[in-house]
There are 2 protein chains.
Amino acid sequence: MSKPYQRTAHALAELLERSEPGEVLPSEPRLAEQLGVSRATLREAMSALEDRGRIVRRQGVGTYVPPTIIEAGLEELISIETMAARVGLEVEMGDSEILHRNSDPEEAQLLGVDQVIEISRVILAEGETVAYLVDTIGKGMIPEAVLAKEFHGSVLDLLLERGEPALEYSKSEISAVFAEGRIADRLEVPAGSVLLRFEASLFTKDGQVVDRSQGYFLPGTFKFHVVRRVGRGLSATA
Amino acid sequence: MSKPYQRTAHALAELLERSEPGEVLPSEPRLAEQLGVSRATLREAMSALEDRGRIVRRQGVGTYVPPTIIEAGLEELISIETMAARVGLEVEMGDSEILHRNSDPEEAQLLGVDQVIEISRVILAEGETVAYLVDTIGKGMIPEAVLAKEFHGSVLDLLLERGEPALEYSKSEISAVFAEGRIADRLEVPAGSVLLRFEASLFTKDGQVVDRSQGYFLPGTFKFHVVRRVGRGLSATA
DNA sequence: TACGGCGTGTTGTCTGACAATTGACCCGGC
DNA sequence: GCCGGGTCAATTGTCAGACAACACGCCGTA
């Protein structure tokens, strides 16, 4: 059902899971035969993995797994809950509040609706409050029955599981702020504490914004990494 | 001199600069002919651009520029200076200090040398101090004559221009901290101000760390964005 | 010992073809 | 007039085979 190059990319990803850093992969003709695809399709899949730094290809030498492990960073769009689960951290949702209200002009333009649902809650890791999250989502994007029943802390996971609307990416702005007012209260920290703040818009494949979220994180528990790669002639200003 | 697919990717990037969102690109055979490469090479270059969300390919339809513009974010490894130049901001280097010293055990292990050069300086944008940067680089990575003559604020730009060693990516940890001590002094802000901090290791293509840098940014002038994409079958856990 | 050519294996690129998919067009039936 | 289905052209996806460029070890030679 799925495209050959998707199956191939997935098969390669699994192969990499079982590989040691520094290990050399079979040659392209051999791998293509093993996976039952042509070399062209194999290379298409490899390009994607190379772009994410999972493999290194060197002409005349071969393809190998990079010696340094690139931990999963912010590039992949996953929820706090999923992030935590991957590192074996226990998280739960604290007090939550679901508010229906009219959208302000900015939200109306961005989300394309005049009524929004605002979902705010704190996140606890190992019993300690670590984050305060606020999602603003257009009314009707999620049936309220679903929201009431299946929401366990992550709007993102809810949307991803439903698959409707189909999400593509989010764009976040990162900043540092002081804790104050409601946010300080919810996080149970004194006003004036330092917080890391993410303000993100969640886009569908059509370029539509479905959710606008703000996250305030206490330092310590979560480490946010970002991998920055040198362009390979991809930027016009070179 | 450079590889065909690099030239192709660069040419495509320039083409995209001149394109409107929603615009449909010429078909692959036509584009390949225009750029003077085979369709295989063209597709290799397109894969990279598709992976970064710059183009969308749909079988039976064509290739087009996505309706939403993804501004350049943190994914690309560029210096503050380059970032500023792209948005038309005037930046300059303030007081700088170059210190030769023995490396502490952690640095020795990471950088693989026992002597390091520590370069610290403040960055000014439009006359205002906006950042304080500290690079710790292994002695011998850059000839000192070059460092003295060609350093104008960015170690990264210096390394990229020299092309030796060949850089591949950096991994940064993002956090929020209070300004204090030397850092507050240099930035000319009261102790206790809130700063955004990036702590990065700079890797070569061989996985070697050549530079460890810390950056402290005052809020306001620079906006740091990161685009997070949903996985497309590339993670083994699916 | 030092050095330079040579052979082998790998990724990079080219060529040509066919498959799968999409969207538009046309035409007939109601 | 409107709707439905079939056909067709255009486009990306995939395939197969070949050659080019490159890196590295091997071996013969000075």
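Every chain is numbered from 1 and lettered A, B, ... according to where its sequence line falls, protein lines coming before strand lines. Excluded from the calculations below are hydrogen atoms, water molecules and symmetry mates; all remaining heavy atoms, backbone and side chain alike, are included. All values reported here derive from a predicted model rather than from experimental measurement.
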*Asks:* In whole angstrom, what separates B:Y64's OH from C:dT22's P?
*Replies:* 12 Å
*Asks:* When you check the phosphate oxygens OP1 and OP2 of C:dG12, does a side-chain N or O of B:T41 lie under 4.0 Å from one of them?
*Replies:*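 Looking at the OP1 and OP2 atoms of C:dG12, neither is under 4.0 Å from any side-chain N or O of B:T41.
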*Asks:* When you match B:E28 and A:V37 each to their closest nucleotide on DNA chain D, which lands nearer the 5' end?
*Replies:* B:E28
*Asks:* Please report the distance, rounded to the nearest Å, between CD in B:E44 and P in C:dG12.
*Replies:*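 In whole Å, C:dG12 P and B:E44 CD are 7 Å from each other.
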*Asks:* Send over the distance from A:R7 CZ to D:dT14 C1', rounded to a whole Å.
*Replies:* 11 Å
*Asks:* Compare side-chain N and O positions of A:R39 against OP1 and OP2 of D:dC15 and report whether any pair is under 4.0 Å apart.
*Replies:*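 Checking D:dC15 against A:R39, no side-chain N or O comes under 4.0 Å of OP1 or OP2.
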*Asks:* Once you round it to whole Å, what is the distance between P of D:dC22 and CD of B:Q6?
*Replies:*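 That distance rounds to 12 Å.
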*Asks:* At less than 4.0 Å, is any side-chain N or O atom of B:R43 found next to OP1 or OP2 of C:dT13? Yes or no.
*Replies:* no
*Asks:* Could you tell me whether the side chain of B:L99 reaches within less than 4.5 Å of the side chain of B:I117, counting heavy atoms only?
*Replies:*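 When only atoms from C-beta onward are counted, B:L99 and B:I117 do not touch, as no gap falls below 4.5 Å.
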*Asks:* The side chain of B:K3 is closest to which nucleotide in this list: C:dT13, D:dG13, C:dT10?
*Replies:*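 Comparing C:dT13, D:dG13, C:dT10 against the side chain of B:K3, the answer is C:dT13.
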*Asks:* How many whole angstroms separate atom CG of A:L31 from atom P of C:dG9?
*Replies:*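 Going from A:L31 (CG) to C:dG9 (P), I get 17 Å.
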*Asks:* Would you call B:D51 and A:R52 a salt bridge, taking side-chain N to carboxylate O under 4.0 Å as the test?
*Replies:*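 So B:D51 pairs with A:R52 through a salt bridge.
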*Asks:* Quick check on C:dT10: is either OP1 or OP2 less than 4.0 Å from any side-chain nitrogen or oxygen of A:R30?
*Replies:* yes
*Asks:* In whole Å, what is the span from the CG atom of B:L35 to the P atom of C:dT13?
*Replies:*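 After rounding, the reported distance stands at 14 Å.
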*Asks:* Under a 3.5 Å threshold, yes or no: a donor from one side chain and an acceptor from the other, between A:R57 and A:S47?
*Replies:*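 A donor-acceptor contact under 3.5 Å links the two side chains.
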*Asks:* DNA chain D: A:S38 or A:G60, which has the more 5' nearest nucleotide?
*Replies:*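 Closest to the 5' end, via its nearest nucleotide, is A:S38.
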*Asks:* Between C:dT11 atom C1' and A:L25 atom CG, what is the distance in whole Å?
*Replies:*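 Those two atoms, CG and C1', are 13 Å apart.
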*Asks:* Expressed in angstrom and rounded to an integer, what is the separation of B:M46 atom CE from D:dT11 atom C1'?
*Replies:* 11 Å
*Asks:* Taking only the side-chain heavy atoms of B:Q59 (C-beta and beyond), determine which of D:dC15, D:dT12, C:dT10 contains the nearest atom.
*Replies:* D:dT12
*Asks:* Are A:R228 and B:F198 close enough that some pair of their side-chain heavy atoms sits under 4.5 Å apart?
*Replies:* no
*Asks:* Check each of B:L160, B:L156, B:T82 against B:L77 using the side-chain contact (heavy atoms from CB on, under 4.5 Å) test, and report the only one that passes.
*Replies:* B:L156
*Asks:* Does A:R57 put a side-chain nitrogen or oxygen below 4.0 Å from OP1 or OP2 of C:dG12?
*Replies:*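 A:R57 to C:dG12 OP1/OP2: side-chain N or O found under 4.0 Å.
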